[in-house]
Amino acid sequence: MIIFRSLFKLKCVCCFICLVLAVPVFAQEYVVTRPKIALVLGGGGARGAAHVGVLKVLEEQRVPVDYIVGTSMGALVAGLYVSGISPEEMETLFNEIDWDSLFKDKPTDDYLPFRLKGDEQRFMVLETGIKQGKIVLPRGFIAGQKLSFFLKKMTLPVSDIENFDQLPIPYRAVAADIGTGDAFIFDHGNIAEAMRASMTIPGVFSPVEIDGHVLVDGGVVNNVPIDVARDMGADIIIVVEVGPVLENTEKLKSAVAIMMQSLDILGKGDVQRKLALLSEDDILIQPDVGSIETGSFYQAPEAVITGEKAARKAENSFSKFGVSAKEYEAYLTRLRPEKKDPITIDFIEVANPEKLRPEIIKGRLSVKTGEELDLKRLQKDLTRVYAMGDFEKVEFDVVRRDSQRGLYIKTKEKEWGPDYLRFGLNLNSDSTGDSEYTALADYRMTQINSLGGEWRNIFQFGATTGLFSEFHQPLDVYNRFFIAPNFRIERYLSDVYENDDRVAEYRVDYHGAGVNLGVNVSSYTQFKMGLTRGSIEANSGIGGVALPEFNSIQEGAFTAKLIYDQLDSHIFPSRGIQSQLALYLSDKKLGADFNYEKLKFDLMKARTYYRKHTFVAGCEAGMSVDEDTPFYDQFTLGGFLSLSGYEENQLRAQHSGLGRLIYFYTLGDDASGVARNIHLGAALEYGNVWDDFDDIAFNDSRLSGTVFVGMKTMLGPLYFGYGLAEGYSDGRLYLFLGQTFY
């Protein structure tokens, strides 16, 4: 009996041990492990907005994403998603964003330094560099300044995560290394820079340089990076492929569209090879985006809808991977945590530029330590630094130094600088047969010293021939004070009218020099005063009346000018005010042949309503204090929008006054920027000139009207107009290229 009981206990112990050992075996048999899902978002320009629609449906079906990989626009959408931006927020963003502005780096004129304001009216768009006697071109039309800031702003919540595996969803972006021709896979670094590199269209955007690699759009080498997702450990891959769909040549209306089509052609074969890597368990979604042009980002909202429709058709293939509401809520909480507290700036650090002092950049920042980070304010500050014209890019990072957080500002100087060459062409023609043209070349040597000294030389050939040279030297790091010596040599023709008839033509030769001292009171206000000394020779060429000869007239004068300039453009302004008060005091003590004083004032205000309707109201007045200003230096009116219908400078006297009201309508605001560059306008002008102050009267003024079509071109502004003056039965047609009408 005792032996029997002992054997029974031993059997029980053995059975217990066997059950314990068997538990893992049963657990492995009945516990289901969820497959790891990777989402692969292909490139395709504007068509890539379809990815947002797919994400919306995946979230509706509670399908979690374990890995996310993107190329080009796919990298952008994936990067926004892992930064905590929901598909609905992305859809709203794509509807509201001004894509045309996002892809244009040129700051509006109100950000430019005074010495660069108005350059767009005189010179062509393209700026080239001069290095070792050779012309050097930029590596892209667009540096990506605005795009980079946008990406940094949108990814700010995860900007301090350098290992992309530690993001809420492990992330990869694919770019192309143009040095090796291989794919460059971003698995660490700054996520905004990874997104920016992946969508850098070659020839359109400047390439991104990281750790010695020169990177462009990943669509060149791997437009649907299925292999990258597989290497990350994915079991199931959901691919969203939005191209390439080759457009008809009639639809290739912009440089972006042409470049994107070129990339599509290069990547078409690779896409097919990559899709062949998909297994039976993988899922391919191909939205019908054939009607959406690659470069037409204004069609992004349409692409989102197309992506959503395609995903709903494929719901049955991926809805089985959905998880419970509780599990998905935990997933979304990790992906989109509660908004963090605002960032307080504890310090501001500026990376040392190569030649300029860091204080020059700091002096243009209005953000202060101890304050919350205001991204709108910061963007204006960085735009102001970028507008200096010295840098290809001006970027920011939010960094940690121990327990403190601060701004790190870094600049990249232009590869094609610091000496620049721009060309211009000014053409002026009217229906009377008068035609003039002047070719210009502007050579600027910048960063001559650590305070940003600049030597500028403008050469002119044609109707006006000559050279203007000025050395602009800031006197402090904040560019408050400056000195600017200059000299000018010029020859031009000047017509003389008697009533309505041209009676003579003078050939004027001028050479002189001067110096200005100035202060930049604010970003919009400048005061400068100076001395000028020169010599004028004006000999009458043609004409049937006896006119005086002005041989070797000596000029010596004190000048002063107060300028307020807040216009966003000096071609077709949409907002802002411009005003100027100028004093010219000719004095024999300064070497002049005549004593006289002149005052001139002008004011202009622009305002746009509903994005298309712009009104520009302005006035100008000139006064000779003692009414003894010599003939050659009197005030003039006449010409396009300066009493149209009269010849240019036809009216000449001791005093002048003019008021004008201009209206122009912008044809469109499509993202290609073509229609928004065309303006239909009309204007009324009212004014006159007078020799005696007592003769000035409102009812003695002349009325003129104008209609015109204007647009911006690569060569500068182009205007075609028709003007009619009161008392004239015949109107006058005008054609201008490379000149503003203000």
Side-chain angles (χ1 to χ4, degrees), residues 37-56 58 65-87 90 93-94 147 150-151 154-155 158 161 164-165 167-176 183-201 205 208 215-232 234 237-244 260 263-264 267 270-271 274-275 277-278 282-287 289 294 297 300 303-304 307 310-311 335:
I37 299 173
L39 181 62
V40 174
L41 306 180
R47 298 193 296 263
H51 300 318
V52 178
V54 174
L55 284 170
K56 287 176 66 177
L58 287 174
V65 175
D66 300 288
Y67 309 105
I68 190 164
V69 187
T71 295
S72 194
M73 191 65 173
L76 171 68
V77 173
L80 296 178
Y81 191 61
V82 301
S83 298
I85 301 174
S86 70
M90 272 190 259
L93 180 67
F94 287 2
L147 177 61
F150 169 77
L151 297 177
M154 302 309 298
T155 60
V158 296
I161 299 177
F164 291 171
D165 285 336
L167 290 163
I169 301 174
Y171 168 81
R172 298 290 186 271
V174 180
F184 185 93
I185 312 301
F186 282 94
D187 59 5
H188 68 280
N190 183 284
I191 186 172
E193 292 179 357
M195 296 159 66
R196 165 73 174 84
S198 182
M199 58 187 301
T200 297
I201 305 170
F205 287 97
V208 175
L215 307 173
V216 296
D217 195 295
V220 176
V221 291
N222 196 347
N223 205 42
V224 279
I226 296 168
D227 51 334
V228 178
R230 195 79 74 190
D231 291 342
M232 293 177 74
I237 297 178
I238 302 174
V239 179
V240 186
E241 196 266 324
V242 290
M260 289 302 297
L263 292 180
D264 288 345
D270 181 70
V271 168
K274 289 296 191 303
L275 293 180
L277 299 176
L278 294 176
D282 296 326
I283 300 162
L284 174 62
I285 301 174
Q286 293 177 299
V289 290
T294 307
F297 286 89
V304 174
L335 180 59

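This one's a predicted model, so the numbers in the text were calculated from it and none came from an experiment. Computation of the quantities below employed the complete heavy-atom set of this structure, encompassing side-chain atoms and omitting hydrogens, waters and symmetry-equivalent molecules.
In this structure, L275 and Q286 have side chains that are in contact, with non-hydrogen atoms separated by less than 4.5 Å. Contact annotation: the side chain of F297 never approaches that of R47 to less than 4.5 Å [non-hydrogen atoms, C-beta and beyond].
Separation of atoms CE (M73) and OG (S198) is listed at 11.5 Å; rounding is to 0.5 Å.
Residues meeting the salt bridge (charged side-chain N to carboxylate O under 4.0 Å, His left out) test with R172, sequence neighbours left out: D165. I169 meets the side-chain contact (heavy atoms from CB on, under 4.5 Å) test with V65, I68, Y81, V82, Y331, L335; sequence neighbours excluded. Partners of Y67 according to the ring pair (Phe, Tyr, Trp, His ring centres under 6.0 Å) rule, which considers only residues two or more places apart in sequence or in another chain, do not exist here. Scored by the side-chain contact (heavy atoms from CB on, under 4.5 Å) test, A300 finds A49, F94, W99 as partners (sequence neighbours excluded). The salt bridge (charged side-chain N to carboxylate O under 4.0 Å, His left out) search around D66 returns R34, not counting sequence neighbours.
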Under 3.5 Å, which donor-acceptor pairs link side chains of residues 183-193 to any protein atom two or more places apart or in another chain?
unit_1: N190; atom_1: OD1; unit_2: A192; atom_2: N; d: 2.9
unit_1: N190; atom_1: OD1; unit_2: E193; atom_2: N; d: 3.2
unit_1: N190; atom_1: ND2; unit_2: D397; atom_2: OD1; d: 3.3
unit_1: E193; atom_1: OE2; unit_2: K410; atom_2: NZ; d: 2.8

Criterion side chain to side chain contact (heavy atoms under 4.5 Å, CB included) on M90 and V304, from CA distance to verdict: CA-CA 9 Å; M90 272 190 259; V304 174; over 6 Å; no
Could you walk me through whether I226 and V239 pass side chain to side chain contact (heavy atoms under 4.5 Å, CB included), step by step? CA-CA 8 Å; I226 296 168; V239 179; 3.8 Å; yes
Show your reasoning for whether side chain to side chain contact (heavy atoms under 4.5 Å, CB included) applies to L55 and L39. CA-CA 9 Å; L55 284 170; L39 181 62; 3.5 Å; yes
Do L58 and I238 pass the side chain to side chain contact (heavy atoms under 4.5 Å, CB included) test, and can you show the C-alpha distance, the side-chain angles, and the key distance before you say yes or no? CA-CA 10 Å; L58 287 174; I238 302 174; 4.1 Å; yes
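Using a distance-only test at 3.5 Å, with no hydrogens or angles considered, a donor-acceptor pair links the side chain of H51 to the main chain of G42.
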